[in-house]
Amino acid sequence: MKLRILVVGVGGQGILLFSRVLGETLLGANIDVAMSEVHGMAQRGGVVETNIVVGLRSPLISEKEADVLVGLEPVETLRALVRTNKNTTIITNTEPVIPQIVKEGLASYPDLSEALDQLKAAYRRVYTFAGESLARQAGTSRALNMVALGALAASGVFSLPQKTWENTIKRLVKPKYVEANLKAFDLGWHITS
Amino acid sequence: MHPILAADDGETLLLLGNEAIVRGALEAGVRIAAAYPGTPSSEIGNLLFQFQQKLPGLYFEFTTNEKIALEVAAAAAASGLRSLTCMKHVGLNVAADPLVTLAYIGVRAGLVIITADDPSCHSSQNEQDNRYYARLAGLPMLEPASPQEAKDMVSYAFDLSERLELPVILRTTTRVSHARAPVKVTQMADYSTRPQGYFEKDLKRWVPVPAVARLRHQVLLERMKEATVLADGSSFNKRMGQGPMGVITSGVAANYVLDALEELDLSSRVPVLKLGFTYPWPVGLMADFLRRLDTCIVVEELEPFLEEAARVVAQEREIKVKILGKASGHFPRALEFNPRQVKLVLAEVFGVEPPPLERPDLSWVPELPPRPPTLCVGCPHRETYQVVKQVLMDLGEEANTVYPTDIGCYTLGLLPPIKMADYLICMGSSIGSACGFSVATDQRIVSFIGDSTFFHAGLSALANAVYNKHAFTLVIMDNETTAMTGHQPVPSQELRWPGLEDRPRIDIEAVVRALGVEQVVTINPYKKEEAREKIKPLLKTQGLSVIIAKAPCILYRARVAKH
Ligand SMILES: Cc1ncc(C[n+]2csc(CCOP(=O)(O)OP(=O)(O)O)c2C)c(N)n1
Ligand code: SF4
């Protein structure tokens, strides 16, 4: 199996934990995984991405080459579309994180409903979800990353049972957040399963 | 226990390249390590800092700059203890002075110097190719392509360093340091106690006065001959496949080459020389590889380091082979590569069709707002900028003020609406350039520097400003930490990570006064009214003045509070 998964979002949304859980689960299942993480500036709010590949040595995803695009923030999903092709599966949160520059009135945030309709028309497999709302339903809006992971896990890209993923979450997440994270993962799982 | 320390011999962990380097160093029994932070190398120092609190047999310190870090490590290695330093690529510019002469005097125990380069300037001010430092200093160099190789190479680098009695450079790039992949580990060394080193005096060795230096240079050249033989036979230099047209590659680009050849179904007919021990150039191996080819394409990021080696080898040994790469225009010398770029070039060179990929029409995507990194909401730097700007505006001086700046979170003051960063070269340049601007122009000069940067490269620059009677205002942004690179300690901080409570505190205001600056005030940037009143006199006068804006980074304060 060769697979390229691009995960995009905004600093503070928990992309690193998303990738850790994904990576450790695949490693545990003896699936050959490699990834490239963006580590850098300490400040919050910049664009963050992780490239995850299976069965490949190059942990970096070029233009047109993503098999799956997971977007934790809708504008970041749109920005990453240059790296998709018409067979790419798109999994995206629809609830925006407004950039500081928009709050300061120096740029504007686009109308999402139209863009999301276009997105669904342009690709064969598009899953959208209201991430923070679902995460809040699970107990904390910070579990948005686990909603997205659940959606990816059940989307048919992998054939690992829900239990396997949950075991990794139990192992990597701080005990007091495990329950909310598992619930969020389950809500995500039901978006695509 | 941290999983990197807990892992047993034979276990496989999913490690970041930088984590793999740390594990490799612990397997090799590193005893003394020192570093100044810098992305993409920062996790190495952060982990060693954390681990030395758990391992009695390990000593680590954050030094005030990279030159000092290398000198600490060099002395430890001269005393017979395995040592290590790590830095970002530009850090080696700061450490270049000791580096080049250290190559002459050498080491006794292994010394590994890790330089993490940053093609595409993800978090840097340039994308220099530090492989040239290996050539400039004449030191052996290893270049990993993956976290596993990074770990294996660090361990090997210590042995190599001891065998040649030379420091060894391990050169990574962002995409290796920040790749995460399965790494199989071996046994860690025993860290229950730290052995004492012993420095054996030898005037003909350790003190490079001209007569000694001339001798030691000969020794270095002899050792590098031996290193060439080792590079030729190194298991990190792998030859694969057969055919008349081949590829030479190294670093992360080697992954792109191997994946591309597989996807293009070329693996069986394209020989590849994947190099990991890249300096001294493995000239024998390269000659043998080139001799069987009519065309060779060299795939490496940044400068044509191996491409030029291939040309030298071909010319010296009269091998008739066409060499493609940067000079031929197939690859650029700027920016990092990506897998598809490499695939398309190889497809063209080898005359095959790349698999087609079609993107849907994206003309409907609306204009997207950029999301540049900005100062955190509530960041003290923002308050400082506002205070200074307001006073300059009140004085009618703002339009006539030049703002030399420095490197750190506060560099983001260049963005609107702040726009108070006009000139920057490197760490410390805020003060040196302010000296230059103050003599070259009659504009008002207000310069900004962070606390960590002040200790790194600001002290001697400020002494120069005092002594040569330069006229400007320096604002020291004292947020009690090295924020940009992940909140490492600073000698002036009151708020500390656990384990540093016993360190003396070096007061910035006292240092500035001791250097002879007469006009000095410390402000709390959140108390705007009071701060403005305090700094107004300084921004009116013509002489040298220093404003210390003291308030902790809010992220750092929150992180320390959690401990
Ligand atoms: C020679 C060199 N070493 C390291 C770095 C990496 N680096 C960038 S900013 C910085 C220090 C920032 O600390 P400080 O000056 O206190 O500013 P802050 O980020 O806390 O605002 C470092 C170490 C660099 N750019 N150049
Ligand atoms: S990390 Fe600290 S210093 Fe940097 S922008 Fe945020 S609050 Fe300011």
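Order of the sequence lines sets the chain letters (A, B, ...), proteins ahead of strands, with each chain counted from 1. Treat the numbers as computed from the prediction; the structure is a model and nothing was measured.
Using a 4.5 Å heavy-atom threshold, the side chains of B:L368 and A:Y109 count as separate. Counting heavy atoms from C-beta on, the side chains of A:L60 and B:F337 never come closer than 4.5 Å. Proximity of B:P372 to A:P99: side-chain heavy atoms (C-beta onward) are nowhere separated by under 4.5 Å. With contacts defined as side-chain heavy-atom distances shorter than 4.5 Å, the pair B:R180/A:E37 qualifies.
Residue contact with chain A, scored on non-hydrogen atoms closer than 4.5 Å, involves the backbone of B:E367 exclusively. Both the backbone and the side chain of B:T374 have a heavy atom closer than 4.5 Å to some heavy atom of chain A. Only the side chain of A:L27 comes within less than 4.5 Å of a heavy atom in chain B; its backbone stays farther off. Residue B:S42: no heavy atom, backbone or side chain, is found under 4.5 Å from chain A. If you measure heavy-atom distances from B:P370 to chain A, the contacts under 4.5 Å come from both the backbone and the side chain. Contacts between B:P369 and chain A at a heavy-atom distance below 4.5 Å involve backbone atoms as well as side-chain atoms. Using a 4.5 Å cut-off between heavy atoms, B:L13 touches chain A through its backbone atoms (N, CA, C, O) alone. Contacts between B:V257 and chain A at a heavy-atom distance below 4.5 Å are absent for every atom of the residue.
Heavy-atom neighbours of A:Y127 OH from other residues, nucleotides or ligands within 6.0 Å: above the threshold of 12. Counted within 6.0 Å of NZ on B:K419, heavy atoms from surrounding residues, nucleotides or ligands total 12 or fewer; the atom is thus considered open. Within a 6.0 Å radius of NZ in A:K183, other residues, nucleotides and ligands contribute 12 heavy atoms or fewer. Atom CZ of A:R142 sits in a sparse spot, with 12 or fewer heavy atoms from other residues, nucleotides or ligands closer than 6.0 Å. The neighbour count for A:E179 CD, taken as heavy atoms of other residues, nucleotides or ligands under 6.0 Å away, does not exceed 12.
Considering all non-hydrogen atoms of both residues, A:V82 and B:L362 come closest at N-CD1, 4.2 Å. The shortest heavy-atom contact between A:L81 and B:W364 is CD1-CH2, 3.8 Å. The nearest pair of heavy atoms linking A:E104 to B:P416 is OE1-O, 4.2 Å. Considering all non-hydrogen atoms of both residues, B:P360 and A:N85 come closest at CD-C, 3.8 Å.
Ranking A:T50, A:N87, A:D111, A:V75 against chain B, the residue ahead of the rest is A:V75, based on heavy-atom pairs under 4.5 Å. Here A:E65 is the residue among A:E76, A:Q100, A:E65 with the most heavy-atom pairs under 4.5 Å with chain B. Contacts with chain B were tallied for A:I61, A:L78, A:L106; A:L78 has the most, counting heavy-atom pairs under 4.5 Å. Contacts with chain A were tallied for B:D361, B:L258, B:V377; B:L258 has the most, counting heavy-atom pairs under 4.5 Å. The residue among B:N255, B:D259, B:L375 with the most heavy atom pairs within less than 4.5 Å of chain A is B:D259. Ranked by heavy-atom pairs under 4.5 Å with chain B, the first of A:P59, A:G11, A:S108 is A:S108.
The main-chain N or O of B:P339 is never found under 3.5 Å from a side-chain atom of A:S58 such that the two would form a donor-acceptor pair.
Electrostatic pairing of B:E263 and A:R4 counts as a salt bridge here, judged by a charged N lying under 4.0 Å from a carboxylate O. Residues A:E63 and B:R340 are not paired through a salt bridge, judged by the lack of any N-O separation under 4.0 Å between the basic side chain and the carboxylate.
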Next on the checklist: With side chain to side chain contact (heavy atoms under 4.5 Å, CB included) as the criterion, how do B:E262 and A:K2 come out once you've worked through the C-alpha distance, each side chain's angles and the decisive distance to 0.1 Å?
Outcome noted: CA-CA 11 Å; B:E262 237 173 74; A:K2 287 193 201 309; 3.2 Å; yes
Next on the checklist: Please evaluate residues A:M35 and B:L14 with respect to the criterion side chain to side chain contact (heavy atoms under 4.5 Å, CB included), reporting the C-alpha separation (whole Å), side-chain torsions for both, the decisive distance (0.1 Å), and the verdict.
Outcome noted: CA-CA 10 Å; A:M35 44 211 210; B:L14 199 59; 4.2 Å; yes
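No option in A:V102, A:I98, A:V97, A:I101 other than A:V97 meets the side-chain contact (heavy atoms from CB on, under 4.5 Å) test with B:R371.
Counting only N and O atoms by type, the side chains of A:S62 and B:N338 include a donor and acceptor under 3.5 Å apart.
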